[in-house]
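Below you'll find the structure, written out as C-alpha cells, and then a few comments.
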Amino acid sequence: MSDTHTAPHDHAPSPYPAWTEWLFTTDAKKIGLVYMFMAFVYFFVGGICAGGIRIQLATPTMNFVDGVTYNGLVSMHGTVMIFLWVMPFFAGIINFVMPLQIGARDMAFPRLNAMGLWLFNAGALVLMATFLLGMPQAGWTSYAPLSIIDKKEIGMDLWILGIQLLGISSIMTGLNFVVTIFKLRAPGLTMFRLPLFVWASLVVGWLMILAMPAIAVTLTEVMLERHFGFTFFGPAHGGDPILYQHLFWFFGHPEVYILIMPAFGIVSEIIPVFSRKPIFGYKLMAWSLILIAFLSFLIWAHHMFASGMDPRLTLPFMILTMIIGVPTGVKIFNWLATMWRGKLYLDTPMIFALGFLVTFIVGGFSGVIVASVPIDLHITNTYFVVGHMHYVMFGGSVMAIFAAIYFWFPKMTGYRLNEKLGIWHFVFTFIGSNLTFLPMHWLGMLGMQRRIMTYNAMYANDNLMATIGGFIMGLAQLILVWNWWITMKKKERCADNPWRSKSLEWTHASSPPRPDNFEQIPTVTSDPYDYGLPPPPKTAKETKAHG
Amino acid sequence: MKPPLVKWGLPTFFLFGALPAFADAFIAEPASDYGLKIAGLSYVMMWLCIAFFVLVVGLIAYSLWKFRAKGPNEEGVAIHGHTGLEIVWTLIPAVIMIVLGAVSTVLVIDQLNPPKKSLLVKVTGYQFGWDFEYYETDAAASGSDIETIRNICGNPAVLVKIKSYRVKSVDELTIPKDTDIRFLTTAKDVIHSFWIPEFLIKRDMVPGLVADFWVHPIRSGVFEARCAALCGTNHALMLAKVNVVEPAQFKTWLAAQPGADLVALNN
C-alpha cells in the first residue's frame, strides 16, 4: 500500500458524490466501519427474529406465528446473528484496529479487502431476500435430509447461496488478516510483542481460511443434491445423513471459536488498560489462543454424541473437548490476576469486560457439562444447549463487542460515548440477558427440547421469564443507539487517548486516525501492556521471570 | 457382569442421595437407574460449577473493592506473571476434567454393554409420528451383538433369533417397569430424535441407520416421548404417550393387542 504520507483518496477531485467513497473505499478503517455499521443493522434484524420467537414462546398456547414462519425465524435468527452480526462486527473491528496496532498503513491486500466487503453485502442481501421469498426451514445447521427433501423451497436455496458468498468473503478476509500480521508489522514489533488482540486476529484469520472451505464444499454438495441429481446425504439413494453433520461441524466448531477468539482479544486489551497493569502471563495468553484454535479442529463431533455415530468414537471427542477447557480456564484466571493489585478504573469498556467475564464463565461451565457424553445425551438438542450457547455467544461475544464499541468509539470518531447511558445500557443488557438465558438451563434439564413452537404447560413460568428478559435485553440496545446518536450530534471532541492506553493505535495515531494511519511508522522497542509502576523489591523476581 | 470400575465409580454419585429434594426443580425426575446416575453426575457438576462461579465472581468483587483507583492517573504494580501460579491454575481444571472424563467414560461403557436378554422396542420416527414395534430376544441368541440387533431392520436371515410380539403401536409406547429395555431408533424421512426426559438419555432417529440405547425403568408412570431434532413444521407436536407399567400389567396389555401371540418371525 501507499508508503507516502498522502492518503490515496486525499484531495484528488472525485467525479462521484462523497457517499460513494463508502462503497468504493479500500481503506481498512472505512471498510471496518462499514462492516460494523451493517453488522449493527443486522443485529436488530436478528433481534426482531428473536423477538418473534420469544413472543411465540411466552405462553404454551400462543398463536403468534405459524409453524413455517416459526421455523423460518429460528433459522434466520441463528444465521443472521452468527454470519451477519458477530462475524462481520469482528471483521470490522479487526480491520479498523489491527493495522493500527501493528503500525501498518493498511491491510496487505486492500482491494481483496474491499472485495470481501462487497461479497459480504451481497451475501447479506441474498439472506435478507428470504424474508420476502420464504425463510429456510432447517435451522442454521440445515441438517440433511431435512434441507434436501423439499426441493421447491426457495428459502433453502437462497440460504445456501448467501452462506456461500459470506464464506468466500470470510476466506478473503482471513487471508488478509494473516498476511497483514505476518508481513506488515512495524519495525521492532516481534511476534511476542504483539497485543493479544492481534494474536486473536491472527488465529481467527487461520480459522477462517481453514474452516470456511468445509462449509463451502458441504453446501455445494447440498445444492448438487437438491437440484442436479447427485446423492451425498439423502439415504433414499445411499447417501449418509451423518456425513453431513461431520462436514458441517468440521466447519461449525471452529466457527464457534471464530465468534469468541476476537472477544478474548478485546477483553485482553481492555482489562490491562483499566487495571493499569500488564496482562498477566502474556506468553501463556498467546499460546492458549493458539492451542484453543488448534484443538477447535479436533472436537467437532461433540455436537453429534446422540447422532447415532459409533458410540465408542464419542470418547476421544469428549476427552479432547474437555482438554480445550483447560486453556480457556487459564485465560480466565490470568484476566483475574491482571486485575489483582492493579488500580481499577470502572469506565464503560471495563464494565462490559467484567460483564463478559461473569457471563462467559457461565457458558464455559455449562460447556464442560455438555462435554460429558452421558450428560450430553440427556441435554443435547434441548434448551440447556440454547442457554449454554447464548451465554457464550451473547454473554461472551456480544458483551465483548459492546466493550469494544465503548473502548474504540473515541478512536473511530474522536468522540466519547456518554458514560451514564453506557452504564444503563450495561445494567439492562446484563439483567435482561441473564433473565432470558439462565432459566433455559433447567428448562432443558427438565425436558424442554429446542426449536419447538409450543411446549408442555409445566414450562410456562420459566418461558415467560425468558420472554420478559428478552424484551428488556432487546430494548436496552436502543439505549446504545440513542447514546450513539446524541454523541455524534454533540460533537464534543475528546483527547486522542482518553483511556491512557499504551498500544500503538492510541499512542501513535490521532483520533480518528489520518487516512494512512500514521504520520511516521513507529519503531517498537518494548513489550505491549507497559503499564504499572515497578513492583517493590521483594517481588522483583516475578518480573524477571517474564524477561 | 459389570466392570469393577462401575462398582467403584458409582459411589461418586453419593451426592445425588442428598439432593432428591431438588430433583424436580432442575432435572427431570429420573425413572431409570441409568437416569439416576446421570442426574447424580449432573448435580455434582452443577455444584462444582456453582462453587467455581462463586470463586471467580468473589475474586472480581474483592478486586473491585480492594484495588479500585481513588483518583486520576494512578498506576498498578507492574507484575507480568508468575509461572508457579499459572501452573497451579492449569493443573486445577486439568484434574477436574480428568475426573469428569473418567466418570463419564464409565457411563458410556455402561451403555455400550447392554444386557443379553431384553425387551426390544424398535422406534421409527416420521413426520410427525412414531411407530413402536415390540420384539423379545431369544435368551439363546447373542442379543448383545450389536450387528445382530441392527440387522433387525435389514437382513431377514438373522430374524430367526428374534421373537416378535408382532405388536405395533402408533404414538403410544407401553413398557414394563423393572425390565431391561433396548430401544432401536430409526426414521423414515428426516432425522428425528427419541427422547423420554425421565430416562435422561436420547438417541437420534436417522433414516437409513439404526442406533440403540437401553434403559431399566424403576418407576411406573405416564411420561412423554418428545422429538428433539428439528424435523419440520409440526416438530413441536411430535409427541408420544409413554406408559411405564408393572411387568404383569404389561403382559395383560400385550395379550389384549391384536396378533399378540409370541411367534417367531420367520414362520
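Letters A, B, ... mirror the listed sequences (proteins, then strands); counts begin at 1.
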Atom group of [X] that falls short of 4.5 Å from chain B, counting heavy atoms:
X         : result
Asn334(A) : both
Leu533(A) : both
Ile375(A) : both
Ile279(A) : backbone
Ala371(A) : neither
Phe384(A) : neither
Met304(A) : neither
Leu146(A) : both
Ala144(A) : backbone
Leu443(A) : neither

Query raised in the report: Does the gap between the ring centers of Trp130(B) and Phe194(B) come in under 6.0 Å?
Result: yes
Query - Aromatic contact, His378(A) with Trp195(B) (centres under 6.0 Å) - result: yes
Requested in this report: Determine the interplanar angle of the Phe305(A) and His302(A) rings, folded into 0 to 90°, and report it as parallel if under 30°, tilted if 30 to 60°, perpendicular if over 60°.
Outcome: perpendicular
Query raised in the report: Aromatic rings Tyr244(A) and Phe233(A): how do their planes relate, parallel, tilted or perpendicular, breaks at 30° and 60°?
Result: perpendicular
If you count heavy-atom pairs under 4.5 Å between each of [options] and chain B, which one has the most?
options                                    : answer
Arg450(A), Gln137(A), Arg500(A)            : Arg500(A)
Pro278(A), Gly67(A), Pro235(A)             : Pro278(A)
His441(A), Arg312(A), Met453(A), Met318(A) : Met318(A)
Thr380(A), Asp530(A), Asp150(A)            : Thr380(A)
Pro374(A), Pro145(A), Gly342(A)            : Pro374(A)
Gly364(A), Ala138(A), Ser275(A), Pro241(A) : Pro241(A)

Toward chain A, the part of [X] with a non-hydrogen atom under 4.5 Å:
X         : value
Ile98(B)  : neither
Glu198(B) : neither
Phe213(B) : neither
Gln111(B) : neither
Trp89(B)  : both
Phe199(B) : neither
Val206(B) : side chain

Pairwise side-chain contact, [X] with [Y], heavy-atom cut-off 4.5 Å (strictly under):
X         : Y         : result
Phe274(A) : Leu346(A) : no
Leu446(A) : Ile27(B)  : no
Thr186(B) : Met205(B) : no
Val121(B) : Leu173(B) : yes
Phe333(A) : Glu86(B)  : no
His216(B) : Ile181(B) : no
Ile361(A) : Phe53(B)  : yes

Of all of [options], which one pairs up most often with chain A through heavy atoms under 4.5 Å apart?
options                                  : answer
Leu112(B), Ile60(B), Asn234(B)           : Ile60(B)
Thr185(B), Val57(B), Ile96(B), Ile191(B) : Ile191(B)
Ile50(B), Asn73(B), Thr105(B)            : Asn73(B)
Gly232(B), Pro197(B), Cys49(B)           : Cys49(B)
Gly84(B), Gly35(B), Gly71(B), Ser193(B)  : Gly71(B)
Ile196(B), Leu59(B), Val108(B)           : Val108(B)

Report task. Before giving the answer on salt bridge (Lys or Arg N to Asp or Glu O under 4.0 Å), spell out for Arg203(B) and Asp212(B) the whole-Å C-alpha distance, their side-chain angles and the decisive distance to 0.1 Å. Result -> CA-CA 7 Å; Arg203(B) 194 67 76 184; Asp212(B) 74 312; 5.7 Å; no
**Report entry** Between Asp462(A) and Trp442(A): side-chain donor-acceptor atoms closer than 3.5 Å
**Finding:** yes
Query raised in the report: Just by distance, with hydrogens left out, do Ser147(A) and Ser142(A) show a side-chain donor and acceptor under 3.5 Å apart?
Result: no
**Report entry** Tyr383(A) side-chain N/O to Gln449(A) backbone N/O, donor-acceptor pair under 3.5 Å
**Finding:** no
Query raised in the report: So, the side chain of Arg451(A) versus the backbone of Ala229(B): is there a donor-acceptor pair under 3.5 Å, distance only?
Result: no
Query raised in the report: With Glu74(B), which residues qualify under salt bridge (Lys or Arg N to Asp or Glu O under 4.0 Å), at least two apart?
Result: Lys343(A)
Query raised in the report: With sequence neighbours left out, what residues match Phe223(B) under ring pair (Phe, Tyr, Trp, His ring centres under 6.0 Å)?
Result: none
Query - side-chain hydrogen bond (donor to acceptor under 3.5 Å, both in side chains) contacts in which one or both residues fall within residues 356-368 of chain A, not counting sequence neighbours - result: Ser366(A)-His388(A)
Report summary line: By residue number, those in residues 321-331 of chain A with heavy atoms under 4.5 Å from heavy atoms of chain B are Met322(A), Gly325(A), Val326(A), Val330(A)
Report task. Measure from NZ or CZ of Lys277(A) to the centre of the six-membered ring of Tyr531(A), then state whether that distance is under 6.0 Å and the direction lies within 45° of the axis. Result -> no
